[in-house]
Asks: 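Once you've had a glance at the structure underneath, I'll fire off some questions.
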Amino acid sequence: GDVYTTASVSDDQKLTETSRVYNSNGSLNASDFDSMKNSSYVSATATPSGLTSWGKWALGNHEYRDAGYYTINHETRDSW
């Protein structure tokens, strides 16, 4: 299935979202990116290719930047 990553906050000036799916050997299978200014929500959807879905893993990178240029970055990871 697809890998969805989202960022949702209030009063941020810029949100950036990156979603990546990797094969079991570490090669990149799929990716997506989105960035929005003056928004409280952004999402990215990576749709993996291939006949099997097992052995893959995903990373989501989330960036929140406020009007004062204070930036928060975090990463989520899942595997199946």
Side-chain angles (χ1 to χ4, degrees):
D2 295 342
V3 175
Y4 302 97
T5 57
T6 62
S8 179
V9 292
S10 59
D11 299 327
D12 272 321
Q13 292 296 312
K14 183 177 180 183
L15 297 172
T16 302
E17 192 67 33
T18 305
S19 178
R20 297 180 309 281
V21 177
Y22 294 90
N23 295 315
S24 59
N25 66 2
S27 63
L28 183 65
N29 183 289
S31 66
D32 191 27
F33 169 86
D34 197 11
S35 183
M36 299 286 286
K37 290 184 177 181
N38 299 317
S39 178
S40 62
Y41 179 84
V42 66
S43 67
T45 304
T47 304
S49 62
L51 298 176
T52 62
S53 61
W54 55 269
K56 291 182 174 50
W57 51 283
L59 290 177
N61 294 100
H62 324 277
E63 180 182 286
Y64 315 91
R65 183 175 298 178
D66 69 13
Y69 299 101
Y70 179 74
T71 302
I72 299 171
N73 290 292
H74 73 273
E75 181 175 271
T76 55
R77 180 181 172 141
D78 198 4
S79 59
W80 61 95

Asks: Which heavy atom in A46 sits nearest to a heavy atom in S19, and how many Å separate them?
Replies: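 Taking A46 first and S19 second, the nearest heavy atoms are CB-OG, 3.6 Å.
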
Asks: Under 4.5 Å between any side-chain heavy atoms of S43 and E17, yes or no?
Replies: no

Asks: Could you see if F33 belongs to whatever hydrophobic cluster contains Y41? Use Ile, Leu, Val, Met, Phe, Trp, Tyr and a side-chain cutoff under 4.5 Å.
Replies: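 Not linked; separate clusters.
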
Asks: Just so I know, are the side chains of L15 and Y64 near enough to count as touching, which here means a heavy-atom distance under 4.5 Å?
Replies: yes

Asks: Are R65 and E63 within salt-bridge range, i.e. N to O under 4.0 Å?
Replies: yes

Asks: Checking the side chain of N23 only, and the main-chain atoms of N25 only, is there a donor and an acceptor separated by less than 3.5 Å?
Replies: no

Asks: About how many Å separate CG of D66 and CD1 of I72, when rounded to the nearest 0.5 Å?
Replies: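 Result: 7.5 Å between the selected atoms.
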
Asks: Between V42 and S35, what is the shortest heavy-atom contact and its length?
Replies: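 Minimum heavy-atom separation between V42 and S35: CG2-N, 4.1 Å.
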
Asks: Quick check: does any side chain N or O of D32 sit under 3.5 Å from a backbone N or O of A44, one acting as donor and the other as acceptor?
Replies: no

Asks: In Å, rounded to the nearest 0.5 Å, how long is the span from OG1 of T16 to NZ of K37?
Replies: 9.5 Å

Asks: Drop me the distance from T18's OG1 to D34's CG, to the nearest 0.5 angstrom.
Replies: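 T18 OG1 to D34 CG: 9.0 Å, rounded to 0.5 Å.
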
Asks: Please check this pair: side chain of N29 against backbone of S49, looking for a donor-acceptor N/O pair closer than 3.5 Å.
Replies: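 Confirmed, N29 side chain pairs with S49 backbone.
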
Asks: Taking the side chain as every heavy atom from C-beta outward, state whether E75 and H62 have any pair of such atoms under 4.5 Å apart.
Replies: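 In short, these two side chains do not touch, never coming nearer than 4.5 Å.
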
